[in-house]
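Numbers here simply count residues along the sequence, with the first being 1. Order of listing sets the numbers, starting from 1, for every ligand and every atom in it.
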Amino acid sequence: MITVSVIGCGHMGSALLEGLATVEGYRTIGYDVDPAVLDDVKSYCDRTTTDIDAISDSDIVALTVKPDIVPTVLAEINLHAEQTLMTAAAGVERSFVSNQTDATVIRLMPNLAASLREMAAAVAWDEPDPAVETMLSDLGSYVVIDETHMNIATALNGSGPAFVYYLIQSMQTRAIKEGLDKSDAQTLAIQTFIGAAEMVRAADEPIESLIDAVCSPNGTTIEGMNVLFDSNVDAEVGDALTAATERSAELAAEVDHE
Ligand SMILES: NC(=O)C1=CN([C@@H]2O[C@H](COP(=O)(O)OP(=O)(O)OC[C@H]3O[C@@H](n4cnc5c(N)ncnc54)[C@H](OP(=O)(O)O)[C@@H]3O)[C@@H](O)[C@H]2O)C=CC1
Ligand SMILES: O=C(O)[C@@H]1CCC=N1
């Protein structure tokens with residue numbers, strides 16, 4: 001049994017708890033300062049509490065408060081060396097956290113698909129942590145990265161779901177405008193993204209070849225692709241990632257200088 005405490009049960013903390021609630025082998029504790037937030041997650045947790053001391057025997061403590069709240073929480077918690085403190089706050093560096101706790105600190109960039117156990121996560125640590133490896137596998141897929149790359153991972157898989165939602169919305173909105181029933185447009189847009197992502201995962205060829213396979217000669221797809229090729233959309237999507245990456249770096253500086 002792995003005991004996981006989540007400090008801050010808002011969007012990210014509750015997604016972790018919701019995902020873990022559907023897997024055997026975890027005892028979960030949700031901690032937050034807001035009792036109303038705890039009401040929302042109590043069906044996913046073995047225990048909810050506003051008492052910070054309740055996390056004292058947890059194997060893994062997930063820190064899912066906003067970056068500027070991290071110093072406040074670190075001043076309140078008293079963890080021991082056998083515990084793992086998993087910080088998920090964007091921009092907050094591992095060294096900043098480990099200077100203020102005896103626990104082993106790992107840095108995680110999760111995403112909200114944890115609730116469905118479809119999370120993409122990036123983790124940075126000194127040593128692999130078997131309990132964390134099990135937990136991340138149970139919640140989706142993860143990669144181990146050097147912490148110097150955590151800001152771009154934050155943009156790619158932390159913020160990335162919002163970018164993908166936006167693209168799904170753009171496609172389904174236009175389909176509805178062209179006359180398709182709203183529910184049908186949603187079904188088709190969603191399954192198209194799922195299917196395309198699975199095709200990319202399964203393929204041992206480059207994405208360009210997958211695009212070519214959809215583009216029948218003189219067909220429909222190439223007409224649409226030409227609009228994309230002639231646009232700046234590739235650069236704009238890249239710029240969205242860069243903006244999020246730069247903001248992650250700024251957050252690090254802001255928390256460090258508090
Ligand atoms: N949302 C996302 O998709 C992702 C978020 N993250 C990271 O997760 C963290 C949380 O983000 P998110 O879940 O969106 O934010 P939320 O605001 O939804 O959740 C944060 C929660 O922490 C609570 N809180 C505030 N102060 C304390 C405290 N001292 N002790 C315990 N809990 C406290 C907040 O209560 P109250 O509202 O009353 O202040 C709130 O319920 C951020 O650092 C973010 O960078 C990482 C990846 C993805
Ligand atoms: O927007 C944010 O700052 C957080 C971190 C990644 C996703 N949400």
Per-pair distances, 0.1 Å, donor-acceptor, side chain in residues 204-212, under 3.5 Å, sequence neighbours excluded:
none

Exercise. If a pair satisfies salt bridge (charged side-chain N to carboxylate O under 4.0 Å, His left out) and one of its residues is in residues 97-114, list it, with sequence neighbours excluded.
Key: R107-E147
Quiz item: Applying the side-chain contact (heavy atoms from CB on, under 4.5 Å) test to L85, which of I55, V73, L74 qualifies?
Solution: L74
Quiz item: Considering residues, nucleotides and ligands other than D51, do more than 12 of their heavy atoms fall under 6.0 Å from its CG?
Solution: yes
Exercise. Treat each ILVMFWY residue as a node, draw an edge where side-chain heavy atoms are under 4.5 Å apart, and state whether M119 and I152 are in one component.
Key: no
Quiz item: Can you name the residues that come within less than 4.0 Å of ligand 1, going by heavy atoms only?
Solution: I7, G8, G10, H11, M12, Y31, D32, V33, D34, V37, T64, V65, K66, P67, I69, V73, A88, A89, A90, M109, P110, L112
Practice problem: To the nearest 0.5 angstrom, please state how far the CD1 atom of I60 sits from the CE atom of M135. | Solution: 5.0 Å
Practice problem: Would you indicate whether E118, at its atom CD, is surrounded by more than 12 heavy atoms from other residues, nucleotides or ligands within a distance under 6.0 Å? | Solution: no
Quiz item: Should we count CG of D34 as having more than 12 external heavy atoms under 6.0 Å?
Solution: yes
Self-check item: Exceeds 12 heavy-atom contacts within 6.0 angstrom, atom CZ of R27
Solution: no
Exercise. Give the protein residues with at least one non-hydrogen atom closer than 4.0 Å to an atom of ligand 2, ordered by chain and number.
Key: A90, G158, S159
